[in-house]
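Have a look at the structure below before the remarks.
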Amino acid sequence: MKIENRKAVIIGSGPAGCTAAIYAARADLKPLLYGGAAMGGQLMITSEVENFPGFPEPILGPDLMDRMRRQAERLGVPIIQELVSKADLKQRPFRLESTEGRLTLAETLILATGSEAKWLGLESEKRLRGKGVSACATCDGFFFKGGEVVVVGGGDAALEEASFLTHFAAKASVVHRRSELRASKILQERAFGNPKIAFIFESVVDDILGSEKVSGVRLKNVKTGALSELRCGGVFVAVGHEPNTAVFKGQVEMDDAGYLKTDGRTRTSVPGVFAAGDCSDPRYRQAVVAAGSGCMAALEAGRFLAEKP
């Protein structure tokens with residue numbers, strides 16, 4: 001079996017991974033990028049992107065990622081559409097094995113594996129994703145000016161999303177399965193004091209209504225089983241995110257939720273291993289932030305190699 005040696009290997013093909021690849025290529029690190037089975041990360045399920053600098057007109061998420069990928073390829077970065085299923089980070093060079101049995105030894109490693117929103121598991125939710133169903137108010141709230149939206153969840157993320165959405169929407173209804181919220185006290189006080197936020201407790205979203213776009217939700221009371229309908233133009237699912245870091249568990253320091261810990265310069269607990277994008281960012285989860293951290297990780301990898309050849 002052929003083993004390939006690389007100065008830098010990047011795992012992940014979202015904004016963080018592609019930006020890291022671009023900068024690593026320009027630094028002559030001859031990087032290899034493992035893009036996974038589905039290229040492009042979370043932007044592949046995002047409709048219009050209006051907040052990425054350099055695009056005065058909205059650009060579709062998949063189109064933006066296609067441009068980033070082609071830019072990396074133009075600089076000579078090989079992009080492998082395989083998942084890294086095994087990683088041995090005990091010593092350098094780091095040993096990586098893909099689902100297809102490809103073996104790579106990496107002098108430096110940039111982890112840009114991203115995170116995934118936790119969804120409700122409804123067929124209608126999947127069908128209407130990007131057509132009124134979203135997991136990011138910052139990304140999509142602008143499209144619901146003057147409308148009514150539903151936010152699903154009861155933690156900090158849900159109340160932050162609801163509060164943000166009231167800058168655009170006329171009303172945000174928070175649907176929570178329990179009788180009380182899990183969010184911090186200060187966020188609860190702000191939300192209860194916001195006249196644009198309503199609360200529907202002890203209820204779950206049974207279905208999302210609409211054919212071409214969201215027109216409402218069907219709610220189910222968890223105690224009585226009673227069904228009711230609520231008209232809305234958007235549904236924001238805020239029940240948490242899960243970082244794609246399981247393959248590195250026990251080898252790189254993580255927080256309790258599985259996000260990779262860094263020192264503010266993308267350096268992880270393992271010398272020569274760097275983390276960028278949503279796999280190390282539980283707070284912002286924005287494409288431009290991920291791209292910036294990808295740049296940082298590539299620059300730090302170059303410095304590491306210069307100091308420890």
Side-chain angles (χ1 to χ4, degrees), residues 4-36 39-43 52-54 64-84 87 89 92-96 98 104-115 243-245 247-248 251-253 259-281 283-309:
E4 188 172 10
N5 291 274
R6 290 278 174 170
K7 290 182 181 179
V9 172
I10 299 150
I11 305 177
S13 56
C18 285
T19 304
I22 290 165
Y23 274 80
R26 285 176 54 83
D28 200 30
L29 301 186
K30 308 246 178 339
L32 170 73
L33 188 149
Y34 278 103
M39 296 285 293
Q42 289 290 299
L43 281 184
F52 199 89
L64 179 58
M65 288 318 307
D66 180 64
R67 292 190 183 199
M68 290 190 192
R69 176 187 57 78
R70 287 191 285 115
Q71 186 175 1
E73 289 178 330
R74 183 181 64 80
L75 292 168
V77 180
I79 297 177
I80 312 300
Q81 284 194 250
E82 297 175 17
L83 286 167
V84 172
L89 310 183
R92 291 176 60 227
F94 309 116
R95 183 182 176 92
L96 308 170
S98 77
T104 308
L105 298 181
E107 291 296 332
T108 60
L109 182 60
I110 296 174
L111 307 179
T113 50
S115 68
N244 299 317
T245 58
V247 70
F248 313 112
Q251 300 191 77
V252 185
E253 190 175 353
Y259 287 93
L260 300 172
K261 289 186 175 182
T262 65
D263 64 349
R265 288 175 51 183
T266 74
R267 299 180 299 188
T268 70
S269 59
V270 178
V273 178
F274 307 87
D278 289 9
C279 66
S280 59
D281 175 19
R283 179 175 295 273
Y284 299 108
R285 293 192 293 268
Q286 297 298 302
V288 67
V289 177
S293 66
C295 163
M296 293 166 60
L299 295 175
E300 290 293 343
R303 289 174 181 141
F304 178 88
L305 288 171
E307 295 169 359
K308 299 180 181 180

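No experiment lies behind these values; they were computed from the predicted model shown. Residue numbers count from 1 along this sequence.
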Between Ser280 and Lys261, does the side-chain contact (heavy atoms from CB on, under 4.5 Å) criterion hold? Intermediate values first, please. CA-CA 6 Å; Ser280 59; Lys261 289 186 175 182; over 6 Å; no

Looking at side-chain heavy atoms only, is the closest gap between Phe248 and Thr113 below 4.5 Å? yes

For Leu96 versus Ala87, what's the shortest heavy-atom pair and its separation? CD2-CB, 3.8 Å

Heavy-atom pair of closest approach, residues Ala287 and Leu43: CB-CD1, 4.0 Å

Heavy atoms, side chains only, cut-off 4.5 Å: are Thr266 and Ile110 in contact? no

Excluding sequence neighbours, so at least two apart, what forms side chain to side chain contact (heavy atoms under 4.5 Å, CB included) with Leu75? Ile22, Ala25, Arg26

To the nearest 0.5 Å, what is the distance between CZ (Arg67) and CZ (Arg74)? 13.5 Å

For Ala290 versus Ser293, what's the shortest heavy-atom pair and its separation? O-OG, 2.8 Å

Whether Lys7 and Glu107 form a salt bridge (side-chain N of Lys/Arg under 4.0 Å from carboxylate O of Asp/Glu) is what I want to check. no

Report the residues that fulfil side chain to side chain contact (heavy atoms under 4.5 Å, CB included) with Val270, sequence neighbours left out, ordered by chain and then residue number. Phe94, Val252, Thr268, Val273

Mind checking the OG1-CE spacing from Thr262 to Met296? Nearest 0.5 Å is all I need. 7.5 Å

State whether the side chain of Asp281 and the backbone N or O of Tyr284 hold a donor-acceptor pair below 3.5 Å, judged by distance alone. yes

List the residues meeting side-chain hydrogen bond (donor to acceptor under 3.5 Å, both in side chains) with Arg70, not counting sequence neighbours, and say none if there are none. Asp66

Without swapping roles, check the side chain of Glu253 against the backbone of Ser269 for a donor-acceptor pair under 3.5 Å. no

To the nearest 0.5 Å, tell me how far Cys279 SG sits from Leu260 CG. 4.5 Å

Considering residues at least two apart in sequence or located in another chain, which fulfil the side chain to side chain contact (heavy atoms under 4.5 Å, CB included) criterion with Leu83? Thr99

Should Ile79 and Met39 be marked as a side-chain contact (heavy atoms from CB on, under 4.5 Å) after you check the CA-CA gap, both sets of side-chain angles, and the distance that decides it? CA-CA 10 Å; Ile79 297 177; Met39 296 285 293; 3.2 Å; yes

Please set out all donor-acceptor pairs under 3.5 angstrom arising from side-chain atoms of residues 297-306, sequence neighbours excluded.
from   : atom 1 : to     : atom 2 : distance (Å)
Glu300 : OE1    : Arg265 : NH2    : 3.1
Glu300 : OE2    : Arg265 : NE     : 3.0
Glu300 : OE2    : Arg265 : NH2    : 3.4

Those residues that, when tested against Ser98, pass side-chain hydrogen bond (donor to acceptor under 3.5 Å, both in side chains) (two or more places apart): Glu82

Can you list, pair by pair, the side-chain donor-acceptor contacts under 3.5 Å of residues 9-21, counting residues two or more places apart and other chains?
from  : atom 1 : to    : atom 2 : distance (Å)
Ser13 : OG     : Gly35 : O      : 2.9
Ser13 : OG     : Gly40 : N      : 3.0
Thr19 : OG1    : Pro15 : O      : 2.7

Nearest-0.5 Å distance that lies between atom OH in Tyr34 and atom CG in Leu109: 10.5 Å

Going by side chain to side chain contact (heavy atoms under 4.5 Å, CB included), name the residues that satisfy it together with Glu4, two or more places apart in sequence or in a different chain. Arg6, Leu32, Arg102

Contacts of type side-chain hydrogen bond (donor to acceptor under 3.5 Å, both in side chains), residue Tyr23, not counting sequence neighbours: none

Working to the nearest 0.5 angstrom, can you tell me the gap between Arg285 CZ and Arg283 CZ? 10.0 Å

Quick one: which residue pairs count as a salt bridge (charged side-chain N to carboxylate O under 4.0 Å, His left out) with a foot in residues 11-25, not counting sequence neighbours? none

What's the verdict on side-chain contact (heavy atoms from CB on, under 4.5 Å) for Leu64 and Phe52, showing C-alpha distance, side-chain angles and the deciding distance? CA-CA 9 Å; Leu64 179 58; Phe52 199 89; 4.0 Å; yes

The reported gap from OG1 in Thr108 to CZ in Phe274 (rounded to nearest 0.5 angstrom) is 6.5 Å

Decide yes or no for Pro243 and Asp278: does some side-chain heavy atom of the first lie under 4.5 Å from some side-chain heavy atom of the second? no

